[in-house]
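Numbered from 1 within each chain, the chains take letters A, B, ... in sequence-line order.
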There are 2 protein chains.
Amino acid sequence: MTRATIKDVSRVAGVSIKTVSRVLNKERYVSDDMRQKVEEAVARLNYHPSLAARTLAGRRSFQIGLIHDNPSPYYIFNMQAGVGQRCREANFRMIIQPCDINSPGLVDDIGALIDQAQLDGIIMTPPVTDVGTALAELFRRKIPVVRVQPGTDLTATSAVYIDNVQAADDMTAYLISLGHRRIGLVTGHANYFASGQRLTGYRQALQRAGIGFDAALVFPGQFDFQSGAAAAEALLALPEPPTSIFASSDEMAAGVLAAAHRMGVSVPGQLSVAGFDDTDLAQVVWPSLTTIRQPIRDLGYAAADLLLEFGETIERRQLPHELIVRGSTAPPRPMAPGSSPG
Amino acid sequence: MTRATIKDVSRVAGVSIKTVSRVLNKERYVSDDMRQKVEEAVARLNYHPSLAARTLAGRRSFQIGLIHDNPSPYYIFNMQAGVGQRCREANFRMIIQPCDINSPGLVDDIGALIDQAQLDGIIMTPPVTDVGTALAELFRRKIPVVRVQPGTDLTATSAVYIDNVQAADDMTAYLISLGHRRIGLVTGHANYFASGQRLTGYRQALQRAGIGFDAALVFPGQFDFQSGAAAAEALLALPEPPTSIFASSDEMAAGVLAAAHRMGVSVPGQLSVAGFDDTDLAQVVWPSLTTIRQPIRDLGYAAADLLLEFGETIERRQLPHELIVRGSTAPPRPMAPGSSPG
DNA sequence: TTGTAGGCGTTATCAG
DNA sequence: CTGATAACGCCTACAA
C-alpha cells in the first residue's frame with residue numbers, strides 16, 4: 001500500500017494529469033463536471049500532493065521561514081501561534097529557525113535555509129531584524145521579507161510593529177497622573193531598538209508634564225528577572241528613591257516586585273510597579289501587574305498576512321497597544337514632589 | 001544569478017555528478033583527491049542541495065515532525081529547543097505541528113502532514129501521545145515514532161520519560177520530612193496521565209509514612225494559574241486546612257502562592273508550597289519555589305536521539321528528575337499532627 | 001573507485 | 001476548456 005499519486009487520481013477520475021493539477025491549484029478553465037470528478041477521486045484515495053514534487057517542479061515551495069534570536073518562550077510561542085495559524089489557513093508550512101546574532105555563521109545559515117528549503121518568504125523578529133549583513137543576504141536573494149518591530153532600515157522591507165514610543169509615553173503619563181514625580185525606568189537589552197524607543201517615550205511624557213529628567217532614575221536591564229531585581233535594588237537605594245518603577249518588560253517588572261518585597265518596600269503602598277508585556281506573562285502569573293499589552297500573536301497574524309497576501313510588495317502595518325491596569329488601581333498616597341516615600 | 005545545482009558543482013570540480021553526490025552523502029569509495037576537489041567547488045559556489053529534489057528522488061526527506069497539543073509556552077519552547085538542536089546537528093529539519101486532540105480532523109491532519117512532507121519520523125508530546133486513533137494512523141503508515149511521557153500503550157513506540165510517580169513521591173516525602181502531616185495536592189489536567197501518576201506518588205509517600213489519605217486534601221486543577229489559586233482557596237478554607245500544598249505544576253503553584261497571599265496566609269511561615277516544574281518557569285520568576293525539576297529540554301534531546309539514531313527500532317529511555325529546594329528551606333514551625341496553623 | 005541512464009511526482013509549456 | 005510532454009535536481013541501480 002503505497003501513497004496515492006496524481007497519476008492514480010487521474011486514472012480514477014478518468015481525466016488527464018494536468019486536469020487534476022488544475023483542480024488542485026484552483027486554476028481557471030475547468031468545467032464543473034471535471035472538477036467534481038477530480039474532487040471525488042481525491043477524497044476517495046485520500047490523496048495529498050507531495051510537497052517535494054511541487055517544490056521541485058513549480059516556482060513555489062509553500063513554505064515560509066520564521067527566523068528569531070529571542071530567548072523569551074512566551075514571545076516565541078505567541079509569534080509561532082500567530083504565524084502558524086495563518087500558515088495553516090493558507091496551506092503553507094512554517095519552518096522555525098532559531099539563530100544567534102553573534103555567530104559568524106549567521107548569514108550562511110540563513111542563506112542555506114533559503115536555498116535548501118526554497119522558502120517563499122521570511123519573517124524575522126528582533127533583534128535579528130536589525131543585523132545588516134543578514135538583511136543584505138536576503139536582499140541579494142530577492143526573497144520577500146516581513147520584519148516584526150524592526151529598528152533600522154525601516155522602509156527596506158515590509159514590517160509590522162506597535163508604537164513603542166507612544167506606549168511608553170502612555171504608561172509614564174499614567175504614572176504621573178497617579179501623582180508620581182520620581183519615576184524609575186528599567187531599560188531593556190541594548191540589542192533591541194525597542195529599548196531606546198521606550199526610553200524616548202518615557203522622557204517625552206516627563207517633559208510634557210514639566211518633570212525634569214534625572215539620569216540617576218534610569219537603570220539598564222537585560223529584559224530578564226535578574227536584571228529587574230538588580231535595578232530595583234539600585235533604584236530603591238538612592239538617596240531620593242523613586243515612588244514608582246516602570247520596567248521595560250514584565251520579566252523585569254517581576255524582578256522589581258521581588259526586590260521590593262525583599263527590601264520591605266510595600267507595593268503599591270510605597271512603590272508602584274509597571275511593566276511592558278511582550279509576553280503575556282503578566283496574564284498568567286501576575287494578574288495584578290499594570291502593564292502595556294503588546295499583542296504578539298496579532299503581530300504574528302499581521303506579519304503572515306503581509307507575507308502571504310502581498311509577497312514582494314513592501315507594506316507596513318501598525319498595531320494598537322493597550323494600557324492595562326490590573327488589580328488594585330489605588331494610587332500611592334500623594335506626596336510632595338521630590339519627597340521620598342515613608 | 002540562479003542557484004547552483006549539483007551539475008554546476010560537478011562541472012567546476014571536473015568530476016561526475018554521481019561523485020559529487022557521493023561526497024555530499026558521505027558514501028565510501030571516494031578518493032581523497034576527488035573529495036577535496038568537490039568540497040572546494042561546493043564552497044566556491046556556496047552550493048546547498050535542494051531538499052525537495054533529495055526528498056523526491058531519495059527515500060528520506062531529512063525532516064521530522066514535532067506534534068503537540070500543549071498550551072504551555074515554556075514546555076513547547078524547551079521541547080523545540082532540545083529537538084531543534086539535535087536536528088541542526090544531524091542536518092535535519094524540524095516541522096512543528098500544533099494540533100487539537102478534540103478535533104475530529106486530528107487523524108487526517110496528521111496523515112496529511114506525513115504524506116505531504118514525507119516525514120522521516122514523528123515526535124509527540126502529551127496529551128496527543130495517548131490518542132488511540134492518532135497512534136493507529138501512525139502505525140498504519142509504519143513511520144518511526146518517539147513519544148514523550150506517554151501514558152498508554154507504553155511498549156508500542158519508542159519513548160522518553162521521567163518517573164512521575166517517584167518524583168511526586170520524592171516531593172511528598174520531602175514535605176513530610178519537614179514535619180507536615182496534612183499536605184494538600186492540586187492535581188493536573190485529566191487529559192494528562194502524568195496527573196494520575198503524580199497522585200499515585202503522593203499517596204505512596206503518605207502511606208509509607210503512615211499518614212492516612214484524606215480525599216478532601218486533593219483538589220483537581222488544570223495545570224494553570226487560575227485553577228491553582230482556586231484550589232488553594234478551597235483547601236485553605238477547610239476546617240482543618242493543610243500546612244503544605246503540593247501543586248502538580250509550577251503555574252498552579254504560583255496560583256497557590258497568590259491565593260495564600262490574598263488570604264493573609266504567610267508562606268512559608270504558615271504554609272509550604274511546592275511545585276512541579278514542567279516549564280522552567282520557577283527559575284525565571286519564582287526563584288524561591290521548591291519544585292521538582294523535570295528536564296524538558298533533555299527530554300527533547302533524548303527523543304530526537306532515539307528517532308535519529310534508532311529509527312524503527314523501539315527504544316526506551318528514562319531521564320532523572322531532581323528535587324530542587326530553592327530559597328528559604330526553613331521548615332514551617334513544627335506542629336502536632338492534625339493541628340491547624342496559627 | 002568512478003560514470004551513465006532512468007525515474008521520483010509535480011508544474012509549465014504548448015498544442016489541440 | 002483539455003491533454004501530451006518536457007523539465008525540475010537529485011538518488012538508485014547498474015555498468016565500467
Side-chain angles (χ1 to χ4, degrees), chain A residues 2-39 41-42 45-63 91-93 112 114-120, chain B residues 1-39 41-42 45-63 91 93 112 114-120:
Chain A
T2 171
R3 291 184 45 203
T5 73
I6 199 171
K7 214 167 175 178
D8 301 326
V9 176
S10 75
R11 199 175 305 132
V12 169
V15 302
S16 80
I17 289 183
K18 179 61 205 179
T19 301
V20 178
S21 174
R22 284 207 177 85
V23 174
L24 261 36
N25 292 299
K26 300 191 207 309
E27 289 176 27
R28 288 175 314 178
Y29 308 131
V30 189
S31 65
D32 289 349
D33 187 36
M34 290 273 167
R35 185 184 308 284
Q36 198 175 334
K37 274 198 236 165
V38 171
E39 278 166 355
V42 165
L45 293 174
N46 195 5
Y47 165 76
H48 299 289
S50 151
L51 244 174
R54 254 145 92 92
T55 303
L56 185 56
R59 232 167 237 84
R60 305 178 302 166
S61 68
F62 303 94
Q63 295 190 307
N91 246 302
F92 264 67
R93 200 125 304 180
I114 297 171
D115 272 358
Q116 291 192 328
Q118 268 137 279
L119 296 184
D120 293 340
Chain B
M1 192 215 74
T2 172
R3 291 185 45 203
T5 72
I6 199 171
K7 211 167 174 176
D8 301 327
V9 176
S10 74
R11 197 175 306 132
V12 169
V15 302
S16 79
I17 289 182
K18 178 59 205 180
T19 301
V20 178
S21 174
R22 284 207 176 85
V23 173
L24 260 37
N25 292 300
K26 302 191 205 310
E27 288 175 29
R28 291 174 312 176
Y29 307 131
V30 188
S31 64
D32 289 349
D33 186 36
M34 291 273 166
R35 184 183 309 283
Q36 197 174 337
K37 275 198 231 166
V38 171
E39 277 164 357
V42 165
L45 294 174
N46 197 2
Y47 165 75
H48 299 288
S50 152
L51 244 175
R54 258 146 86 93
T55 303
L56 187 55
R59 225 164 246 83
R60 304 180 302 166
S61 68
F62 302 94
Q63 295 190 309
N91 247 301
R93 199 126 306 180
I114 297 171
D115 271 358
Q116 292 193 329
Q118 269 138 275
L119 297 184
D120 293 340

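When distances are taken from the side chain of A:P49 to each of C:dT13, C:dG3, C:dT10, the shortest belongs to C:dT10. Of the candidates C:dA12, C:dT4, C:dT10, C:dA12 carries the atom nearest the A:K18 side chain, counting heavy atoms from C-beta on.
Residue B:S21 places at least one side-chain N or O closer than 4.0 Å to OP1 or OP2 of D:dC11. Between A:T55 and D:dC8 there is no side-chain N or O to OP1 or OP2 distance below 4.0 Å. A close approach under 4.0 Å does not occur between any side-chain nitrogen or oxygen of B:R54 and OP1 or OP2 of D:dC10. For A:S31, a side-chain nitrogen or oxygen approaches OP1 or OP2 of D:dT2 to under 4.0 Å.
Remark: P of C:dG3 and NZ of B:K7 are 15 Å apart, rounded to the nearest angstrom. Protein atom CZ of A:R11 is 12 Å distant from nucleotide atom P of C:dT10, rounded to whole Å. Going from atom CZ of A:R60 over to atom P of C:dG9 covers 21 Å, rounded to whole Å. Rounded to an integer number of Å, the gap from NZ of B:K26 to P of D:dC11 is 13 Å. Rounded to an integer number of Å, the gap from B:Y47 OH to D:dG9 C1' is 7 Å. Distance, B:L56 CG to C:dT11 P: 12 Å, rounded to whole Å. Distance B:R59 CZ to C:dG9 P: 12 Å, rounded to the nearest Å. A straight line from CD1 of A:I6 to P of D:dA4 spans 14 Å, rounded to a whole angstrom.
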_Under the criterion side-chain contact (heavy atoms from CB on, under 4.5 Å), I'd like the reasoning laid out for A:F62 against A:L51: C-alpha separation, chi angles, the key distance, then a yes or no._
CA-CA 8 Å; A:F62 303 94; A:L51 244 174; 4.1 Å; yes
Run the side-chain contact (heavy atoms from CB on, under 4.5 Å) check on B:V42 and B:L24 step by step: do they pass? CA-CA 9 Å; B:V42 165; B:L24 260 37; 4.2 Å; yes
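Donor-acceptor pairing under 3.5 Å, judged by distance alone, is present between the side chain of B:R22 and the base of C:dT2.
Each of B:A57 and B:T19 was assigned the nucleotide of DNA chain C with the nearest heavy atom; the assignment lying further toward the 5' end belongs to B:T19. For B:G58 and B:S16, each mapped to the nucleotide of DNA chain C holding its nearest heavy atom, the one lying further toward the 5' end belongs to B:S16.
Counting all heavy atoms, side chain and backbone alike, B:V23 lies closest to B:R35 at CG2-CA, 4.0 Å. For the residue pair B:A41 and B:V12, the shortest heavy atom distance occurs at CB-CG1, 3.7 Å. Heavy atoms only, all atoms of each residue included: A:A117 and B:R93 are closest at CB-NH1, 3.7 Å.
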